[in-house]
J.: 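Starting off with a structure, shown below.
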Protein chains: 2
Amino acid sequence: MRPEHKELMKQRRRNIKLTLAYDGANYHGFQRQNPPVVAVQNVLESRLAQIFPDTIELAAAGRTDAGVHALKQTVNFFTDGAIPTERIVKAVNGLLPPDIVVLEATEASRDFSARHSAKSKRYLYKLQLGKANPFTARYAWHIARPLDQTAMEEAGAFLLGEHDFSSFRATGGAPMSPVRVMYEVAWEKQPNDILELRIHGNGFLYHMVRNIVGTLVNVGLKKISPPEFRAILEAKNRQLASPTAPACGLYLAEVFY
Amino acid sequence: MRPEHKELMKQRRRNIKLTLAYDGANYHGFQRQNPPVVAVQNVLESRLAQIFPDTIELAAAGRTDAGVHALKQTVNFFTDGAIPTERIVKAVNGLLPPDIVVLEATEASRDFSARHSAKSKRYLYKLQLGKANPFTARYAWHIARPLDQTAMEEAGAFLLGEHDFSSFRATGGAPMSPVRVMYEVAWEKQPNDILELRIHGNGFLYHMVRNIVGTLVNVGLKKISPPEFRAILEAKNRQLASPTAPACGLYLAEVFY
(Lines give C-alpha, C1' and ligand atoms only; values in the text may rest on other atoms or scores of the structure.)
Protein backbone atom coordinates (compact mmCIF):
# COMPACT_ATOMS: atom_id res chain seq x y z
CA MET A 1 0.00 0.00 0.00
CA ARG A 2 1.28 3.47 -0.88
CA PRO A 3 2.12 5.50 2.29
CA GLU A 4 -0.28 8.37 1.45
CA HIS A 5 -3.09 5.82 1.20
CA LYS A 6 -2.16 4.27 4.52
CA GLU A 7 -2.65 7.67 6.16
CA LEU A 8 -5.94 8.23 4.37
CA MET A 9 -7.22 4.85 5.48
CA LYS A 10 -6.59 5.64 9.11
CA GLN A 11 -8.85 8.69 8.88
CA ARG A 12 -11.80 6.73 7.56
CA ARG A 13 -14.54 5.48 9.85
CA ARG A 14 -15.27 1.92 8.71
CA ASN A 15 -13.12 -1.16 8.11
CA ILE A 16 -15.02 -3.63 5.91
CA LYS A 17 -13.99 -7.29 5.68
CA LEU A 18 -15.10 -9.21 2.57
CA THR A 19 -14.88 -12.95 1.97
CA LEU A 20 -14.85 -13.82 -1.72
CA ALA A 21 -14.56 -16.73 -4.13
CA TYR A 22 -13.19 -16.49 -7.64
CA ASP A 23 -12.39 -18.57 -10.66
CA GLY A 24 -8.85 -17.40 -11.38
CA ALA A 25 -8.67 -18.89 -14.89
CA ASN A 26 -9.25 -15.57 -16.67
CA TYR A 27 -7.21 -13.32 -14.32
CA HIS A 28 -3.56 -12.44 -13.98
CA GLY A 29 -3.64 -13.22 -10.27
CA PHE A 30 -5.16 -11.30 -7.40
CA GLN A 31 -2.78 -8.34 -7.14
CA ARG A 32 -3.56 -5.16 -9.09
CA GLN A 33 -1.84 -4.94 -12.50
CA ASN A 34 -1.43 -2.19 -15.04
CA PRO A 35 -3.89 -2.41 -17.96
CA PRO A 36 -4.42 -4.17 -20.29
CA VAL A 37 -3.54 -7.00 -17.89
CA VAL A 38 -6.48 -7.59 -15.53
CA ALA A 39 -6.20 -8.87 -11.96
CA VAL A 40 -9.02 -9.73 -9.54
CA GLN A 41 -8.06 -6.66 -7.48
CA ASN A 42 -8.55 -4.30 -10.48
CA VAL A 43 -12.06 -5.60 -11.05
CA LEU A 44 -13.03 -5.65 -7.38
CA GLU A 45 -11.70 -2.15 -6.64
CA SER A 46 -13.38 -0.63 -9.70
CA ARG A 47 -16.76 -2.16 -8.75
CA LEU A 48 -16.45 -1.17 -5.07
CA ALA A 49 -15.73 2.39 -6.26
CA GLN A 50 -19.23 2.47 -7.74
CA ILE A 51 -20.74 1.83 -4.30
CA PHE A 52 -18.31 3.58 -1.97
CA PRO A 53 -17.58 7.27 -2.54
CA ASP A 54 -13.91 7.19 -1.53
CA THR A 55 -11.00 5.61 -3.39
CA ILE A 56 -10.90 2.00 -2.36
CA GLU A 57 -7.62 0.21 -1.82
CA LEU A 58 -7.87 -3.43 -0.85
CA ALA A 59 -5.55 -5.48 1.31
CA ALA A 60 -5.80 -9.24 0.71
CA ALA A 61 -4.85 -12.26 2.81
CA GLY A 62 -3.16 -14.04 -0.08
CA ARG A 63 -1.86 -12.69 -3.36
CA THR A 64 -2.84 -15.61 -5.56
CA ASP A 65 -0.87 -16.00 -8.81
CA ALA A 66 -2.25 -15.97 -12.36
CA GLY A 67 -4.65 -18.87 -12.85
CA VAL A 68 -4.89 -19.71 -9.11
CA HIS A 69 -8.43 -19.87 -7.67
CA ALA A 70 -9.98 -18.90 -4.33
CA LEU A 71 -12.80 -20.58 -2.43
CA LYS A 72 -12.53 -18.09 0.46
CA GLN A 73 -10.12 -15.21 -0.04
CA THR A 74 -10.32 -12.45 2.59
CA VAL A 75 -9.84 -8.73 1.89
CA ASN A 76 -10.46 -5.52 3.84
CA PHE A 77 -10.74 -1.83 3.03
CA PHE A 78 -11.37 1.43 4.86
CA THR A 79 -14.27 3.65 3.83
CA ASP A 80 -16.55 6.50 4.84
CA GLY A 81 -19.36 5.02 2.71
CA ALA A 82 -22.70 4.67 4.48
CA ILE A 83 -24.11 1.54 2.82
CA PRO A 84 -25.25 -0.88 5.55
CA THR A 85 -23.11 -4.03 5.86
CA GLU A 86 -26.05 -6.36 5.14
CA ARG A 87 -26.59 -4.74 1.75
CA ILE A 88 -22.97 -4.85 0.57
CA VAL A 89 -22.94 -8.47 -0.70
CA LYS A 90 -25.92 -8.05 -3.01
CA ALA A 91 -24.82 -4.60 -4.20
CA VAL A 92 -21.26 -5.68 -5.08
CA ASN A 93 -22.28 -9.02 -6.65
CA GLY A 94 -24.72 -7.12 -8.87
CA LEU A 95 -21.74 -5.29 -10.37
CA LEU A 96 -19.12 -8.07 -10.46
CA PRO A 97 -18.58 -10.47 -13.38
CA PRO A 98 -19.93 -13.97 -12.61
CA ASP A 99 -16.46 -15.45 -12.00
CA ILE A 100 -15.93 -13.32 -8.86
CA VAL A 101 -18.49 -13.66 -6.03
CA VAL A 102 -18.56 -11.91 -2.64
CA LEU A 103 -19.70 -14.47 -0.05
CA GLU A 104 -19.81 -12.32 3.08
CA ALA A 105 -19.29 -8.73 4.26
CA THR A 106 -18.76 -7.78 7.90
CA GLU A 107 -17.68 -4.71 9.84
CA ALA A 108 -14.18 -5.36 11.26
CA SER A 109 -12.37 -3.64 14.11
CA ARG A 110 -10.09 -0.77 13.07
CA ASP A 111 -6.93 -2.79 13.68
CA PHE A 112 -8.02 -5.76 11.53
CA SER A 113 -5.88 -6.41 8.46
CA ALA A 114 -6.82 -9.24 6.09
CA ARG A 115 -3.13 -9.63 5.36
CA HIS A 116 -1.37 -9.07 8.69
CA SER A 117 -4.00 -10.49 11.09
CA ALA A 118 -4.12 -13.88 9.33
CA LYS A 119 -3.16 -16.70 11.76
CA SER A 120 -3.15 -19.52 9.24
CA LYS A 121 -4.27 -20.48 5.73
CA ARG A 122 -5.63 -23.59 4.13
CA TYR A 123 -4.96 -24.41 0.44
CA LEU A 124 -6.31 -27.17 -1.77
CA TYR A 125 -4.54 -28.62 -4.79
CA LYS A 126 -6.53 -30.75 -7.25
CA LEU A 127 -5.09 -33.47 -9.48
CA GLN A 128 -7.21 -34.88 -12.32
CA LEU A 129 -6.38 -38.57 -12.53
CA GLY A 130 -7.28 -40.95 -15.35
CA LYS A 131 -8.42 -39.61 -18.71
CA ALA A 132 -8.01 -35.96 -19.65
CA ASN A 133 -11.19 -34.04 -18.79
CA PRO A 134 -11.89 -30.89 -20.85
CA PHE A 135 -13.98 -29.46 -17.98
CA THR A 136 -11.11 -29.57 -15.44
CA ALA A 137 -8.31 -28.42 -17.79
CA ARG A 138 -8.17 -25.03 -16.03
CA TYR A 139 -9.19 -26.35 -12.58
CA ALA A 140 -6.86 -29.29 -11.90
CA TRP A 141 -3.47 -30.70 -12.96
CA HIS A 142 -3.95 -33.74 -15.19
CA ILE A 143 -1.74 -36.71 -14.29
CA ALA A 144 -2.48 -39.60 -16.65
CA ARG A 145 -0.13 -42.18 -15.11
CA PRO A 146 -1.20 -44.02 -11.91
CA LEU A 147 -0.12 -42.44 -8.61
CA ASP A 148 0.81 -44.28 -5.41
CA GLN A 149 -1.41 -42.35 -2.98
CA THR A 150 -0.03 -44.20 0.07
CA ALA A 151 3.52 -43.09 -0.76
CA MET A 152 2.30 -39.51 -1.27
CA GLU A 153 0.61 -39.56 2.15
CA GLU A 154 3.70 -41.02 3.80
CA ALA A 155 5.95 -38.36 2.26
CA GLY A 156 3.49 -35.53 2.96
CA ALA A 157 3.44 -36.40 6.67
CA PHE A 158 7.12 -35.35 6.92
CA LEU A 159 5.94 -31.77 6.33
CA LEU A 160 3.84 -31.66 9.50
CA GLY A 161 5.09 -29.43 12.32
CA GLU A 162 7.75 -26.72 12.19
CA HIS A 163 10.35 -26.84 9.41
CA ASP A 164 12.63 -24.67 7.32
CA PHE A 165 10.89 -24.90 3.93
CA SER A 166 13.75 -23.47 1.84
CA SER A 167 13.66 -26.53 -0.43
CA PHE A 168 10.14 -25.58 -1.57
CA ARG A 169 10.65 -21.82 -1.78
CA ALA A 170 10.73 -20.07 -5.17
CA THR A 171 14.13 -18.65 -5.98
CA GLY A 172 14.19 -14.85 -5.99
CA GLY A 173 11.35 -14.37 -3.48
CA ALA A 174 11.35 -11.63 -0.82
CA PRO A 175 13.86 -12.26 1.98
CA MET A 176 11.94 -13.58 4.99
CA SER A 177 12.28 -16.47 7.42
CA PRO A 178 11.74 -19.80 5.61
CA VAL A 179 10.37 -21.41 8.80
CA ARG A 180 6.67 -22.32 8.80
CA VAL A 181 4.41 -24.68 10.75
CA MET A 182 2.14 -27.17 8.94
CA TYR A 183 -0.97 -28.38 10.82
CA GLU A 184 -2.48 -30.66 8.18
CA VAL A 185 -1.20 -32.32 4.98
CA ALA A 186 -3.77 -34.79 3.64
CA TRP A 187 -4.63 -36.35 0.27
CA GLU A 188 -8.26 -37.26 -0.33
CA LYS A 189 -10.03 -38.93 -3.28
CA GLN A 190 -12.94 -36.87 -4.60
CA PRO A 191 -15.65 -37.77 -7.15
CA ASN A 192 -14.78 -37.85 -10.89
CA ASP A 193 -11.17 -39.03 -10.43
CA ILE A 194 -10.02 -35.93 -8.55
CA LEU A 195 -7.24 -36.42 -5.96
CA GLU A 196 -7.09 -33.41 -3.65
CA LEU A 197 -4.32 -32.19 -1.34
CA ARG A 198 -5.46 -30.26 1.74
CA ILE A 199 -2.62 -28.30 3.33
CA HIS A 200 -3.05 -26.01 6.34
CA GLY A 201 -0.21 -23.99 7.84
CA ASN A 202 0.60 -20.76 9.67
CA GLY A 203 2.00 -19.31 6.47
CA PHE A 204 3.42 -20.24 3.06
CA LEU A 205 6.47 -19.09 1.13
CA TYR A 206 6.14 -18.00 -2.50
CA HIS A 207 5.20 -21.03 -4.70
CA MET A 208 5.58 -23.31 -1.67
CA VAL A 209 2.36 -25.33 -2.15
CA ARG A 210 3.01 -25.78 -5.88
CA ASN A 211 6.63 -26.83 -5.27
CA ILE A 212 5.49 -29.32 -2.63
CA VAL A 213 2.83 -30.73 -5.00
CA GLY A 214 5.34 -31.00 -7.88
CA THR A 215 7.63 -33.05 -5.64
CA LEU A 216 4.85 -35.17 -4.05
CA VAL A 217 3.55 -36.10 -7.51
CA ASN A 218 7.02 -37.45 -8.30
CA VAL A 219 6.73 -39.49 -5.10
CA GLY A 220 3.38 -40.80 -6.43
CA LEU A 221 5.08 -41.65 -9.73
CA LYS A 222 7.80 -43.51 -7.75
CA LYS A 223 10.58 -41.26 -9.04
CA ILE A 224 11.24 -40.14 -5.44
CA SER A 225 10.80 -42.39 -2.36
CA PRO A 226 9.22 -41.04 0.87
CA PRO A 227 12.63 -41.10 2.67
CA GLU A 228 14.15 -39.22 -0.28
CA PHE A 229 11.34 -36.66 0.02
CA ARG A 230 12.25 -36.19 3.69
CA ALA A 231 15.90 -35.72 2.71
CA ILE A 232 14.88 -33.06 0.16
CA LEU A 233 12.97 -31.14 2.89
CA GLU A 234 15.90 -31.40 5.29
CA ALA A 235 18.48 -30.31 2.68
CA LYS A 236 16.96 -26.78 2.53
CA ASN A 237 17.95 -26.64 -1.14
CA ARG A 238 15.45 -25.70 -3.86
CA GLN A 239 17.61 -27.43 -6.50
CA LEU A 240 16.72 -30.85 -5.07
CA ALA A 241 12.92 -30.49 -5.22
CA SER A 242 10.85 -31.01 -8.39
CA PRO A 243 9.49 -28.37 -10.79
CA THR A 244 6.61 -26.16 -9.66
CA ALA A 245 3.15 -27.70 -10.23
CA PRO A 246 0.83 -25.71 -12.56
CA ALA A 247 -1.21 -22.82 -11.13
CA CYS A 248 -4.58 -24.17 -12.35
CA GLY A 249 -4.82 -26.85 -9.61
CA LEU A 250 -4.32 -24.46 -6.68
CA TYR A 251 -7.13 -23.01 -4.53
CA LEU A 252 -6.82 -20.64 -1.56
CA ALA A 253 -9.45 -22.46 0.51
CA GLU A 254 -9.70 -20.49 3.75
CA VAL A 255 -7.94 -17.87 5.87
CA PHE A 256 -8.13 -18.14 9.65
CA TYR A 257 -7.91 -15.13 12.04
CA MET B 1 -21.56 -30.80 -46.61
CA ARG B 2 -20.69 -29.33 -50.01
CA PRO B 3 -21.71 -31.71 -52.88
CA GLU B 4 -18.16 -31.97 -54.30
CA HIS B 5 -16.95 -33.12 -50.87
CA LYS B 6 -19.71 -35.69 -50.61
CA GLU B 7 -18.42 -37.25 -53.82
CA LEU B 8 -14.84 -37.11 -52.60
CA MET B 9 -15.78 -38.80 -49.33
CA LYS B 10 -17.36 -41.74 -51.14
CA GLN B 11 -14.06 -42.45 -52.87
CA ARG B 12 -12.07 -42.66 -49.65
CA ARG B 13 -11.35 -45.96 -48.00
CA ARG B 14 -11.96 -45.40 -44.29
CA ASN B 15 -14.85 -43.98 -42.28
CA ILE B 16 -13.60 -42.95 -38.81
CA LYS B 17 -15.97 -42.36 -35.90
CA LEU B 18 -14.75 -40.17 -33.04
CA THR B 19 -16.39 -39.64 -29.66
CA LEU B 20 -15.36 -36.37 -28.05
CA ALA B 21 -15.97 -34.15 -25.01
CA TYR B 22 -15.57 -30.41 -24.96
CA ASP B 23 -15.97 -27.42 -22.71
CA GLY B 24 -17.99 -25.12 -25.00
CA ALA B 25 -17.42 -21.97 -22.92
CA ASN B 26 -14.74 -20.58 -25.25
CA TYR B 27 -16.25 -21.66 -28.58
CA HIS B 28 -18.91 -20.27 -30.89
CA GLY B 29 -20.66 -23.62 -31.03
CA PHE B 30 -19.70 -26.81 -32.81
CA GLN B 31 -20.35 -25.89 -36.43
CA ARG B 32 -17.51 -24.40 -38.50
CA GLN B 33 -17.45 -20.59 -38.59
CA ASN B 34 -15.52 -18.06 -40.62
CA PRO B 35 -12.50 -16.59 -38.77
CA PRO B 36 -11.95 -14.81 -36.46
CA VAL B 37 -14.90 -16.63 -34.85
CA VAL B 38 -13.77 -20.08 -33.70
CA ALA B 39 -15.97 -23.17 -33.48
CA VAL B 40 -15.06 -26.64 -32.19
CA GLN B 41 -15.24 -27.95 -35.76
CA ASN B 42 -12.60 -25.44 -36.97
CA VAL B 43 -10.17 -26.57 -34.31
CA LEU B 44 -10.85 -30.27 -34.73
CA GLU B 45 -10.61 -30.23 -38.54
CA SER B 46 -7.36 -28.24 -38.51
CA ARG B 47 -5.75 -30.66 -36.05
CA LEU B 48 -6.99 -33.76 -37.89
CA ALA B 49 -5.48 -32.28 -41.06
CA GLN B 50 -2.05 -32.58 -39.43
CA ILE B 51 -2.51 -36.35 -39.04
CA PHE B 52 -4.55 -37.25 -42.11
CA PRO B 53 -3.24 -36.34 -45.55
CA ASP B 54 -6.61 -35.56 -47.14
CA THR B 55 -8.91 -32.62 -46.49
CA ILE B 56 -11.04 -33.56 -43.54
CA GLU B 57 -14.68 -32.58 -43.36
CA LEU B 58 -16.52 -33.67 -40.25
CA ALA B 59 -20.17 -34.59 -39.84
CA ALA B 60 -21.46 -34.28 -36.24
CA ALA B 61 -24.41 -35.80 -34.42
CA GLY B 62 -25.42 -32.50 -32.84
CA ARG B 63 -24.56 -28.93 -33.79
CA THR B 64 -24.25 -27.51 -30.30
CA ASP B 65 -24.72 -23.74 -29.97
CA ALA B 66 -22.19 -21.23 -28.63
CA GLY B 67 -21.43 -21.96 -24.97
CA VAL B 68 -23.07 -25.42 -25.03
CA HIS B 69 -20.90 -28.32 -23.83
CA ALA B 70 -20.53 -31.96 -24.84
CA LEU B 71 -19.80 -35.00 -22.68
CA LYS B 72 -20.03 -37.35 -25.67
CA GLN B 73 -20.43 -35.75 -29.07
CA THR B 74 -20.04 -38.10 -32.04
CA VAL B 75 -18.47 -37.16 -35.38
CA ASN B 76 -17.27 -39.08 -38.43
CA PHE B 77 -15.05 -38.40 -41.43
CA PHE B 78 -13.78 -40.22 -44.50
CA THR B 79 -10.06 -40.56 -45.08
CA ASP B 80 -7.34 -42.41 -46.95
CA GLY B 81 -4.93 -41.83 -44.04
CA ALA B 82 -3.13 -44.96 -42.82
CA ILE B 83 -2.76 -44.21 -39.09
CA PRO B 84 -4.06 -47.23 -37.11
CA THR B 85 -7.32 -46.61 -35.23
CA GLU B 86 -5.76 -47.38 -31.84
CA ARG B 87 -3.23 -44.55 -32.28
CA ILE B 88 -5.70 -41.86 -33.35
CA VAL B 89 -6.87 -40.84 -29.84
CA LYS B 90 -3.39 -40.12 -28.52
CA ALA B 91 -2.24 -38.45 -31.73
CA VAL B 92 -5.21 -36.09 -31.98
CA ASN B 93 -5.30 -35.25 -28.26
CA GLY B 94 -1.63 -34.32 -28.44
CA LEU B 95 -2.56 -31.57 -30.92
CA LEU B 96 -5.89 -30.39 -29.46
CA PRO B 97 -6.25 -27.60 -26.88
CA PRO B 98 -7.09 -28.99 -23.40
CA ASP B 99 -10.78 -28.00 -23.59
CA ILE B 100 -11.44 -30.50 -26.42
CA VAL B 101 -10.70 -34.19 -25.76
CA VAL B 102 -11.16 -37.19 -28.07
CA LEU B 103 -12.46 -40.09 -25.94
CA GLU B 104 -12.61 -42.86 -28.53
CA ALA B 105 -11.86 -43.58 -32.19
CA THR B 106 -13.27 -46.54 -34.09
CA GLU B 107 -13.52 -47.70 -37.70
CA ALA B 108 -17.15 -47.38 -38.83
CA SER B 109 -18.93 -49.04 -41.74
CA ARG B 110 -19.04 -46.99 -44.93
CA ASP B 111 -22.72 -46.15 -44.53
CA PHE B 112 -22.36 -44.82 -40.96
CA SER B 113 -23.15 -41.11 -40.55
CA ALA B 114 -22.74 -39.50 -37.09
CA ARG B 115 -25.59 -37.21 -38.02
CA HIS B 116 -28.05 -39.34 -39.99
CA SER B 117 -27.53 -42.71 -38.26
CA ALA B 118 -28.31 -41.31 -34.77
CA LYS B 119 -31.32 -43.12 -33.24
CA SER B 120 -31.62 -40.94 -30.12
CA LYS B 121 -29.79 -38.35 -28.01
CA ARG B 122 -29.49 -37.62 -24.34
CA TYR B 123 -28.94 -34.07 -23.04
CA LEU B 124 -28.25 -32.79 -19.53
CA TYR B 125 -29.12 -29.35 -18.24
CA LYS B 126 -27.53 -28.13 -14.98
CA LEU B 127 -29.05 -25.58 -12.62
CA GLN B 128 -26.87 -24.06 -9.87
CA LEU B 129 -29.15 -23.60 -6.87
CA GLY B 130 -28.40 -21.55 -3.74
CA LYS B 131 -25.56 -19.05 -3.71
CA ALA B 132 -23.85 -17.93 -6.91
CA ASN B 133 -20.78 -20.08 -7.56
CA PRO B 134 -17.98 -18.49 -9.61
CA PHE B 135 -16.79 -21.94 -10.73
CA THR B 136 -20.12 -22.90 -12.34
CA ALA B 137 -20.91 -19.51 -13.92
CA ARG B 138 -20.16 -20.91 -17.40
CA TYR B 139 -21.30 -24.47 -16.62
CA ALA B 140 -24.78 -24.11 -15.08
CA TRP B 141 -27.72 -21.65 -14.92
CA HIS B 142 -27.83 -19.99 -11.51
CA ILE B 143 -31.31 -19.87 -9.95
CA ALA B 144 -31.10 -18.18 -6.54
CA ARG B 145 -34.76 -18.58 -5.52
CA PRO B 146 -36.01 -21.95 -4.19
CA LEU B 147 -37.45 -24.35 -6.78
CA ASP B 148 -40.29 -26.83 -6.25
CA GLN B 149 -38.61 -29.93 -7.66
CA THR B 150 -41.74 -32.07 -7.25
CA ALA B 151 -43.76 -29.69 -9.44
CA MET B 152 -40.94 -29.68 -12.03
CA GLU B 153 -40.97 -33.50 -12.11
CA GLU B 154 -44.76 -33.61 -12.40
CA ALA B 155 -44.73 -31.13 -15.30
CA GLY B 156 -41.75 -32.79 -17.02
CA ALA B 157 -43.57 -36.13 -17.09
CA PHE B 158 -46.13 -34.66 -19.53
CA LEU B 159 -43.32 -34.55 -22.12
CA LEU B 160 -42.86 -38.34 -22.14
CA GLY B 161 -43.94 -40.20 -25.27
CA GLU B 162 -44.78 -38.79 -28.70
CA HIS B 163 -45.80 -35.14 -28.97
CA ASP B 164 -45.82 -32.18 -31.31
CA PHE B 165 -43.19 -29.96 -29.62
CA SER B 166 -44.01 -26.76 -31.55
CA SER B 167 -44.43 -24.86 -28.25
CA PHE B 168 -40.75 -25.44 -27.46
CA ARG B 169 -39.35 -24.90 -30.96
CA ALA B 170 -37.29 -21.81 -31.74
CA THR B 171 -39.05 -19.49 -34.16
CA GLY B 172 -37.37 -19.32 -37.56
CA GLY B 173 -35.85 -22.81 -37.46
CA ALA B 174 -35.67 -25.11 -40.50
CA PRO B 175 -39.06 -26.49 -41.59
CA MET B 176 -39.33 -30.08 -40.38
CA SER B 177 -41.85 -32.18 -38.49
CA PRO B 178 -42.21 -30.93 -34.89
CA VAL B 179 -43.13 -34.43 -33.66
CA ARG B 180 -40.58 -36.14 -31.40
CA VAL B 181 -40.62 -38.98 -28.86
CA MET B 182 -39.23 -38.49 -25.33
CA TYR B 183 -38.04 -41.61 -23.47
CA GLU B 184 -36.84 -40.01 -20.24
CA VAL B 185 -37.35 -36.64 -18.51
CA ALA B 186 -35.89 -36.68 -14.99
CA TRP B 187 -34.59 -34.14 -12.49
CA GLU B 188 -31.84 -35.26 -10.12
CA LYS B 189 -30.05 -33.48 -7.26
CA GLN B 190 -26.25 -33.58 -7.64
CA PRO B 191 -23.51 -32.58 -5.17
CA ASN B 192 -22.77 -28.86 -4.60
CA ASP B 193 -26.37 -27.65 -5.05
CA ILE B 194 -26.62 -28.71 -8.70
CA LEU B 195 -30.07 -29.77 -9.95
CA GLU B 196 -29.74 -31.67 -13.22
CA LEU B 197 -32.29 -32.43 -15.93
CA ARG B 198 -31.72 -35.63 -17.92
CA ILE B 199 -33.73 -35.69 -21.15
CA HIS B 200 -33.53 -38.48 -23.71
CA GLY B 201 -35.46 -38.47 -26.98
CA ASN B 202 -35.37 -39.65 -30.59
CA GLY B 203 -34.55 -36.11 -31.70
CA PHE B 204 -34.77 -32.48 -30.65
CA LEU B 205 -35.92 -29.30 -32.41
CA TYR B 206 -33.73 -26.20 -32.41
CA HIS B 207 -33.50 -24.76 -28.85
CA MET B 208 -36.02 -27.37 -27.67
CA VAL B 209 -34.18 -28.46 -24.50
CA ARG B 210 -33.43 -24.85 -23.48
CA ASN B 211 -37.04 -23.77 -24.10
CA ILE B 212 -38.32 -26.72 -22.04
CA VAL B 213 -35.89 -25.85 -19.21
CA GLY B 214 -36.89 -22.16 -19.26
CA THR B 215 -40.53 -23.17 -18.87
CA LEU B 216 -39.91 -25.92 -16.27
CA VAL B 217 -37.92 -23.46 -14.12
CA ASN B 218 -40.99 -21.22 -14.11
CA VAL B 219 -42.96 -24.25 -12.91
CA GLY B 220 -40.36 -24.63 -10.11
CA LEU B 221 -40.79 -20.94 -9.25
CA LYS B 222 -44.59 -21.51 -9.13
CA LYS B 223 -45.28 -19.05 -11.93
CA ILE B 224 -46.73 -21.92 -14.02
CA SER B 225 -48.61 -24.93 -12.55
CA PRO B 226 -48.01 -28.47 -13.89
CA PRO B 227 -51.48 -28.53 -15.59
CA GLU B 228 -50.68 -25.14 -17.19
CA PHE B 229 -47.37 -26.64 -18.43
CA ARG B 230 -49.32 -29.47 -20.05
CA ALA B 231 -51.65 -26.92 -21.67
CA ILE B 232 -48.62 -25.03 -23.06
CA LEU B 233 -47.30 -28.27 -24.64
CA GLU B 234 -50.71 -29.07 -26.13
CA ALA B 235 -51.25 -25.55 -27.50
CA LYS B 236 -48.35 -26.01 -30.00
CA ASN B 237 -47.65 -22.28 -29.67
CA ARG B 238 -44.13 -20.97 -28.89
CA GLN B 239 -45.62 -17.70 -27.60
CA LEU B 240 -47.02 -19.46 -24.52
CA ALA B 241 -43.77 -21.06 -23.32
CA SER B 242 -41.09 -19.20 -21.31
CA PRO B 243 -37.86 -17.60 -22.59
CA THR B 244 -34.99 -19.86 -23.67
CA ALA B 245 -32.70 -20.97 -20.79
CA PRO B 246 -29.02 -19.91 -21.13
CA ALA B 247 -26.66 -22.03 -23.23
CA CYS B 248 -24.09 -22.50 -20.42
CA GLY B 249 -26.19 -25.13 -18.57
CA LEU B 250 -26.66 -27.45 -21.57
CA TYR B 251 -24.60 -30.60 -22.27
CA LEU B 252 -24.94 -33.03 -25.18
CA ALA B 253 -24.51 -36.13 -23.01
CA GLU B 254 -24.68 -39.07 -25.42
CA VAL B 255 -25.72 -40.06 -28.92
CA PHE B 256 -27.18 -43.54 -29.48
CA TYR B 257 -26.92 -45.44 -32.79
J.: Distance check, rounded to the nearest 0.5 Å: A:Asn26 atom CG versus B:Asn26 atom CG?
T.: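 Here the rounded value is 7.0 Å.
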
J.: Write down the atom of B:Tyr22, the atom of A:Phe135, and the distance for their closest heavy-atom approach.
T.: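 Smallest interatomic distance, heavy atoms only, reads O-CZ, 3.1 Å.
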
J.: Could you name the residues of residues 101-109 of chain A that have a heavy atom within less than 4.5 Å of a heavy atom in chain B?
T.: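 A:Val101, A:Leu103, listed by number.
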
J.: Applying salt bridge (charged side-chain N to carboxylate O under 4.0 Å, His left out), name anything that partners B:Arg138, two or more places apart in sequence or on another chain.
T.: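 With sequence neighbours excluded, B:Arg138 shows a salt bridge (charged side-chain N to carboxylate O under 4.0 Å, His left out) to no residue whatsoever.
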
J.: Where along residues 64-72 of chain B does a heavy atom come under 4.5 Å of chain A, listed by residue number?
T.: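 At a heavy-atom separation under 4.5 Å, chain A is reached by B:His69, B:Ala70, B:Leu71.
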
J.: For A:Asp148, does the CG atom have more than 12 heavy-atom neighbours from other residues, nucleotides or ligands under 6.0 Å away?
T.: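 For A:Asp148, atom CG is crowded (more than 12 foreign heavy atoms under 6.0 Å).
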
J.: Please identify each residue that fulfils side chain to side chain contact (heavy atoms under 4.5 Å, CB included) with B:Gln190, with sequence neighbours left out.
T.: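 Result, side chain to side chain contact (heavy atoms under 4.5 Å, CB included) vs B:Gln190: B:Glu188, B:Ile194, B:Glu196.
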
J.: Grab the two heavy atoms, one from B:Asp23 and one from A:Pro134, that are nearest each other, plus how far apart they are.
T.: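 For B:Asp23 versus A:Pro134, the nearest heavy atoms are CB-O, 3.7 Å.
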
J.: Output the option from A:Thr136, A:Asp99, A:Asn133, A:Leu96 having the highest count of non-hydrogen pairs under 4.5 Å with chain B.
T.: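 Heavy-atom pair counts peak at A:Asp99.
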
